[in-house]
Structure formats: C-alpha cells, structure tokens
Amino acid sequence: MALPSTNPAAPGTDRTIRVDHLSKSFGQVRAVDDLSFEVHPGRVTGFLGPNGAGKTTTLRMLLGLVRPTSGTATIGGLPYGRIRRPLRTVGAALEAASFHPGRTALDHLRTYAPQVGVPDPRAQEVLDLVGLTDAARRRVGGFSLGMRQRLALATTLLGDPPVLLLDEPANGLDPEGIRWLRGFLRALAAEGRTVLVSSHVLSEVEQTVDDVVIIARGRLVHASSLADLARLARPHVTVASPDAAGLAALVERAGWSRAPGGRTLAPGAVELVDVDAATVGAAAFGARLELHELSTRDPGLEGLFLELVDGPAADATRTVAA
Ligand SMILES: Nc1ncnc2c1ncn2[C@@H]1O[C@H](COP(=O)(O)OP(=O)(O)OP(=O)(O)O)[C@@H](O)[C@H]1O
C-alpha cells in the first residue's frame with residue numbers, strides 16, 4: 001500500500017522515539033518509574049503490559065499531554081511541544097476516540113483537515129486507505145466499535161505522519177479486522193514509518209510486531225526484537241545443585257544463557273535457555289557436580305510474557321514514600 005506523499009516534512013526526518021529515565025507520579029502512585037527505551041523507524045513496536053502498567057501515561061507524556069515528574073520523552077530528538085509541525089509528524093490515537101455522532105465519517109475528517117494543514121480531498125483518501133469508502137457518508141453514531149477504530153486510524157493518517165502512536169488499536173476489531181490491521185501496520189512500517197502500538201496482550205500483536213517493549217508497574221521488564229523474545233521462550237531447563245558455586249562455574253564455562261528473571265527459583269537452582277537437559281546432565285556428570293534437579297518446561301511466548309510482567313523484575317514498590 002503506497003500512501004500518497006503529501007508530507008514534505010517527512011523525508012529525512014529523525015523518526016526515533018526516545019524515552020529516557022521517564023517517571024510520572026500521580027500523588028502516591030508512581031504510574032511510570034524510571035522508564036527508558038527507544039522505538040525505531042521501519043519497524044512495528046509493541047508497547048506491552050497489563051492493565052495499569054503505565055502505557056497510556058507514557059504515550060500521553062510523549063504527546064505532551066502529561067508533564068513528566070522527571071526524565072524525557074522525545075520524538076526525533078524533540079519533546080512534542082517543540083516539534084514544528086506536530087500533526088504532520090506524529091499521528092496519535094489514544095483510547096476510544098470520541099466522534100460527533102451526527103457527523104458523517106467524511107465530515108469528521110474534513111473538519112480536521114485544515115487543522116492538520118492538508119487539502120480537503122485528503123479526507124476521502126484516508127477513508128479509502130482504512131477501508132471505509134462505502135461508509136464515508138454514513139453518520140458516525142451508527143458505526144460499530146471496529147468502524148470507529150478504523151476512523152480513528154484514518155484521523156491519525158490525515159497528516160501523512162512519519163510517526164504513529166496507537167493505543168490498543170485492535171480493541172473492538174473482529175478477526176478479519178485484526179488481520180486487516182496487521183497488514184496495514186506492517187505496510188506503514190515498510191514505508192519507513194515508526195509505528196508504536198500498545199496492547200495488554202502479547203498474543204494480539206504477536207503476528208504484527210518486530211520489536212517489543214514490555215512494562216509492568218511502570219517499569220521496563222524487557223525490550224528486544226520479537227525474535228529474541230521468542231528465543232527466550234524456548235524450553236527452559238531447570239537445574240539445581242547443593243554446590244551453587246560449582247553450578248554457577250559450570251554455567252559460566254559452558255556459556256549457557258540464563259532464562260529472563262521471571263520466576264522465583266529454589267536456592268541453588270538456575271533456569272537455562274538454548275540448551276537441553278541431556279547436555280546439562282552430561283556436563284554436570286563430567287564436572288562431578290551433584291544435581292538435585294534436572295527438568296524441562298516450555299513456558300511458550302505468552303507464558304514468558306506473563307512471567308515477565310508478574311515476576312520479581314516487575315516487583316518494585318510503586319507507591320512513593322510519603
Ligand atoms: N490522571 C491520573 N490520576 C491518577 N492516577 C492515574 C492517572 N492516570 C493514570 N493513573 C494511574 O496510573 C497507573 C497507570 O495507568 P495507565 O492508564 O498509564 O496504564 P495502562 O498501562 O495504560 O493501563 P490500561 O491497559 O488499563 O489502559 C494506574 O494505576 C492508573 O490508575
């Protein structure tokens with residue numbers, strides 16, 4: 001899908017999103033806690049975490065709607081308030097957008113077009129892009145949730161922005177709509193745009209995203225490519241020995257990777273990825289290391305996600321000391 005190039009500001013623009021030691025407290029609640037990550041152009045990045053993790057607050061800080069308690073949130077090196085043509089640089093859809101129910105979809109977009117600084121025919125163009133051509137002259141009041149999501153997406157695309165911030169865009173879409181959204185977001189990233197999509201479930205965006213930024217209780221718990229996360233989700237080998245130092249030395253010598261710190265393990269136990277139980281057992285036997293456990297479990301991608309957002313890595317106290 002080629003979007004008509006209506007945005008002369010786009011080529012060469014720095015499209016990287018940077019969140020740097022960002023924190024936000026609302027009274028006693030630390031909604032975002034020393035969060036740092038980057039989101040790169042040409043990729044779809046999933047911004048993931050359970051309800052209340054701080055995703056929306058972070059997106060609102062990126063859009064200058066909430067002032068950080070400390071740290072910075074920038075797009076192309078600038079805080080939103082200093083971007084010269086913000087509506088042509090960043091397209092954002094936060095939560096369920098509210099539309100005037102008596103207005104048609106086309107009129108809604110035509111109302112916004114002058115604010116964004118694009119010519120009137122762009123309204124019909126973006127409706128066509130999101131598959132709402134036939135609904136252009138229908139009143140928004142009669143739209144399904146899925147149609148509203150498409151209209152919200154069309155609104156973000158009015159200014160042909162190189163950066164897109166979308167809060168739970170799959171909410172309310174049926175399976176066909178979700179499949180359509182996947183292809184659409186992938187095409188936007190393929191054009192070199194930076195696409196950040198929030199969700200509280202990994203499975204919803206698993207087939208869409210290239211990278212993941214996972215937060216829980218306001219803190220970063222994991223950031224990598226989806227491929228790296230999938231590698232960490234391969235079967236885990238748990239190995240325990242009464243000789244913890246000997247086991248640590250064996251793991252070190254063999255160069256095995258430890259599983260990301262989700263689960264609390266028994267003392268003297270470690271959890272490994274990228275190695276099978278037979279290899280670990282043989283190496284332990286060779287090193288004359290006594291083992292009290294050697295087992296394998298397969299958490300799967302969704303299981304690993306739940307461990308990450310539930311585990312000790314996410315277990316910081318969120319309440320600010322009075
Ligand atoms: N304006 C506010 N005043 C007080 N507390 C707030 C405010 N906005 C957010 N919070 C709190 O900050 C925390 C993070 O909320 P946020 O909406 O950012 O999470 P989220 O990850 O987007 O969750 P969800 O998936 O449910 O939308 C929550 O505990 C929430 O209650």
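Please read all numbers here as calculations on a predicted model, not as lab measurements. Order of appearance sets the numbers: ligands from 1, and atoms from 1 within every ligand.
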**Student:** Output yes when the distance from some N or O of ligand 1 to some N or O of V29 is under 3.5 Å, and no in every other case.
**Tutor:** no
**Student:** When you check the gap from the basic side-chain N to the acidic O, do E176 and R150 get nearer than 4.0 Å?
**Tutor:** no
**Student:** Any N/O of G54 closer than 3.5 Å to an N/O of ligand 1?
**Tutor:** yes
**Student:** Can you find an N or O of A53 that's nearer than 3.5 Å to an N or O of ligand 1?
**Tutor:** yes
**Student:** Can a donor-acceptor pair be found between the side chains of T133 and D128 at a distance below 3.5 Å?
**Tutor:** yes
**Student:** Establish, from distance only, whether the side-chain atoms of S225 and D211 form a donor-acceptor pair under 3.5 Å.
**Tutor:** no
**Student:** Side chains of W256 and V280: does their closest heavy-atom pair fall under 4.5 Å?
**Tutor:** yes
**Student:** Does an N or O from H200, backbone or side chain, lie closer than 3.5 Å to an N or O of ligand 1?
**Tutor:** no
**Student:** For H236 and T238, test the side chains for any donor-to-acceptor distance below 3.5 angstrom and give the result as yes or no.
**Tutor:** no
**Student:** Mind checking whether H108 and F99 have parallel, tilted or perpendicular rings, split at 30° and 60°?
**Tutor:** perpendicular
**Student:** Out of L48, V201, T56, T58, who gets a non-hydrogen atom closest to atom 22 (O) of ligand 1?
**Tutor:** T56
**Student:** Only heavy atoms of N51, strictly under 4.0 Å: list the atoms of ligand 1 that pass.
**Tutor:** 23 (O), 24 (P), 25 (O), 26 (O)
**Student:** Counting heavy atoms only, which part of P50 comes closer than 4.0 Å to ligand 1: side chain, backbone, both or neither?
**Tutor:** backbone
**Student:** Under 4.0 Å from a heavy atom of T57: give me the atoms of ligand 1 that qualify, with their elements.
**Tutor:** 9 (C), 15 (O), 16 (P), 18 (O)
